[in-house]
Amino acid sequence: MPPRKSSGSGSSSSSKKDEIQVSKSPAEFFAENQSIAGFDNPGKSLYTTLRELIENSLDACESVNVLPEISVTIEEMTQAQFNKMRGVP
């Protein structure tokens, strides 16, 4: 059987030919798609960050055959306190 022709005007196939694929760095991609990375709200961001930190720490300990000793402290602070800690006036 011959291939089917689309019932459209044919401009869709030419527009597909004209599409340009743009390369993006992983940082650019995840900045635009924060929900994929787990950073779409503050609570999920905190969870995702801590989970990655702990998983990476455990992986590092495992790679050098050392038992892990991980301690996590979470403190709530104001924006002014955060800026002072970062050295921002």
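Quick caveat, the model's predicted, so the values are computed rather than measured. All values below come from the heavy atoms of this structure, side chains included, with hydrogens, waters and symmetry mates left out.
- Residues that satisfy the side chain to side chain donor-acceptor pair (under 3.5 Å) test with Glu55, not counting sequence neighbours, are absent from this structure.
- Atom CG of Leu58 and atom OG of Ser63 lie 11.0 Å apart (nearest 0.5 Å).
- Interatomic distance, CG of Asn56 versus CD1 of Ile70, reported as 10.0 Å (0.5 Å rounding).
- For Leu67, the side-chain contact (heavy atoms from CB on, under 4.5 Å) criterion is met by no residue, not counting sequence neighbours.
- Applying the salt bridge (Lys or Arg N to Asp or Glu O under 4.0 Å) rule to pairs touching residues 20-34 yields Lys24-Glu32, sequence neighbours excluded.
- Taking 4.5 Å as the limit, some side-chain heavy atom of Ile36 sits within range of a side-chain heavy atom of Phe29.
- Residues Leu50 and Ile74 have side chains in contact (heavy-atom distance under 4.5 Å, counting atoms from C-beta outward).
- For Glu76, the side chain to side chain donor-acceptor pair (under 3.5 Å) criterion is met by no residue, not counting sequence neighbours.
- Taking the side chain to side chain donor-acceptor pair (under 3.5 Å) definition, one finds that Lys84 meets it with nothing, sequence neighbours left out.
- Lys44 meets the side-chain contact (heavy atoms from CB on, under 4.5 Å) test with Asp40, Asn41, Thr48; sequence neighbours excluded.
- Around CD of Glu52, the count of heavy atoms belonging to other residues, nucleotides or ligands within 6.0 Å exceeds 12.
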